[in-house]
Colleague: 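The structure under discussion is supplied below as structure tokens; questions concerning it will follow.
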2 protein chains.
Amino acid sequence: MALTAAQNRVVTAAVELFARNGVGGTSLQMIADEIGVTKAAVYHQYNTKDEIVLAAAEAELARLESVLSQAEAAGSPKQARAALVAGIVDLAVEGRRTVGSILNDPVIVGFFADHRMFRDVMTRLRRLLIGDDTGPEARVQTAILLAAISGAVMHPFVADLDDEVLRTQLLHMAVRLLQ
Amino acid sequence: MALTAAQNRVVTAAVELFARNGVGGTSLQMIADEIGVTKAAVYHQYNTKDEIVLAAAEAELARLESVLSQAEAAGSPKQARAALVAGIVDLAVEGRRTVGSILNDPVIVGFFADHRMFRDVMTRLRRLLIGDDTGPEARVQTAILLAAISGAVMHPFVADLDDEVLRTQLLHMAVRLLQ
DNA sequence: GTCTATAGACCGATAGAC
DNA sequence: GTCTATCGGTCTATAGAC
């Protein structure tokens, strides 16, 4: 899981290109060109394209996992939820160019379903946001909250807005939606 | 714009495959196989892959445009907004497997920015939802509303929910968010 | 860790018969 | 409207030198 400097260059370039062209529209040659090395040098770090996609998805997820862990350490469930939502808003705004495309790419969504690491984070996320209420209303409401945050940051309607303005408005709405 | 039967088969297969594999991850061979013809037969309908992608995006957008036109014919702005939101919820739930992936694919998002038809629909959508208020709050709120609807329907948290339950919950939230 | 060079499959696209 | 056959190019992936 700990990446070497060379692996980090590969993953960073991959995340950027996946957001720009989609996973299926990104070749190893593109990644190599973006870094300024040859394909063979990329293959020295990862043996298949799938491994790169997985590493890129894990790198993005690691940031969410970090926010999640911090939130779980909060005093009360209510404080935990607030901390989590604020952290997710920060994450989404910070990565507004890349997060959305990657989260929605069909190939990566497939990984989400297949690998336990992703499911575990989703379970923790769900538990923190809605506790033990597994009814339809709570599930839809949580899906809306998460989709709204990750989707709104890359919407054309807000493309020309400052990060700070976007963050403030988004957080305000998220708090309202959570009540 | 009016599609022949053969063109319709191509576009329908393309929409399905784009949702499953992404635009960049879908080849003309895949589309041909899905229909049960050869690549050359597909090329007889559309001369390039880009034309197919464009036709697929237009087909999806045409459904939104139809909802938009109906809403614009409503008596008051308030009624128009309500009709529009209800129509969009229906559209999203109906196409919950495909709509989300296609709306977020980087290649199609690029088309959205380049082609006037998409921008026109977006302008009408925006006018109907927020009128002449072009401030940050209104823009973020509208982006949230649209992102929430299109993103929530394909969220893993609601994957096992009935269409009817999902539609009801989603509509309830949308109305609340619109106030 | 990076390179050159290459293998074999698949890509988008075209020609021409039926 | 669909087919067979083919083109040049790019794809993922590997071998082996430095």
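Chain A is the first sequence line, chain B the second, and so forth, proteins listed ahead of strands; every chain is numbered from 1.
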Colleague: With a 4.0 Å limit, can you tell me whether Thr38(B) has a side-chain N or O closer than that to the phosphate oxygens OP1/OP2 of dT2(D)?
Modeller: no

Colleague: Could you tell me the separation between the CG atom of Leu17(B) and the P atom of dC11(C), rounded to a whole number of Å?
Modeller: 12 Å

Colleague: Counting side-chain heavy atoms from CB outward, which of dA13(D), dA13(C), dT2(D) is closest to Lys49(B)?
Modeller: dA13(C)

Colleague: Checking all strands, does Ser27(B) fall into the base, sugar-phosphate, or nothing category for heavy-atom contacts under 4.0 angstrom?
Modeller: sugar-phosphate

Colleague: With a distance cut-off below 6.0 Å to the six-membered ring centre and an angular limit of 45° from the axis, does Arg119(A) pair with Phe112(A) as a cation-pi contact?
Modeller: no

Colleague: Take atom NZ of Lys39(A) and atom P of dA7(C), then tell me their distance rounded to the nearest Å.
Modeller: 13 Å

Colleague: Calculate the interatomic distance between Met30(A) atom CE and dG9(D) atom C1'; express it in whole Å.
Modeller: 14 Å

Colleague: In whole Å, what is the span from the CG atom of Leu28(A) to the P atom of dC10(C)?
Modeller: 17 Å

Colleague: Let me spell it out: for each of Ala40(A) and Thr26(A), pick the nucleotide of DNA chain D with the closest heavy atom. Which residue's pick is nearer the 5' end?
Modeller: Thr26(A)

Colleague: Counting C-beta onward and ignoring hydrogens, is there a side-chain heavy-atom pair between Leu91(A) and Val99(A) closer than 4.5 Å?
Modeller: no

Colleague: Does NE2 in His115(B) sit with more than 12 non-hydrogen atoms of other residues, nucleotides or ligands closer than 6.0 Å?
Modeller: yes

Colleague: What is the separation between atom NE2 on His44(B) and atom P on dG16(C), rounded to the nearest whole Å?
Modeller: 15 Å

Colleague: Is Arg20(A) paired with Glu34(A) through a side-chain N to carboxylate O contact shorter than 4.0 Å?
Modeller: yes

Colleague: Could you tell me how far apart Tyr43(B) (OH) and dT6(D) (C1') are, to the nearest whole angstrom?
Modeller: 14 Å

Colleague: How many Å lie between CG on Asn47(A) and P on dT14(D), as a whole number?
Modeller: 7 Å

Colleague: Would you please confirm or rule out a distance under 4.0 Å between OP1 or OP2 of dT2(C) and any side-chain N or O of Gln45(A)?
Modeller: yes

Colleague: Give the rounded distance in Å between these two atoms: CD1 of Ile35(A) and P of dG1(C).
Modeller: 13 Å

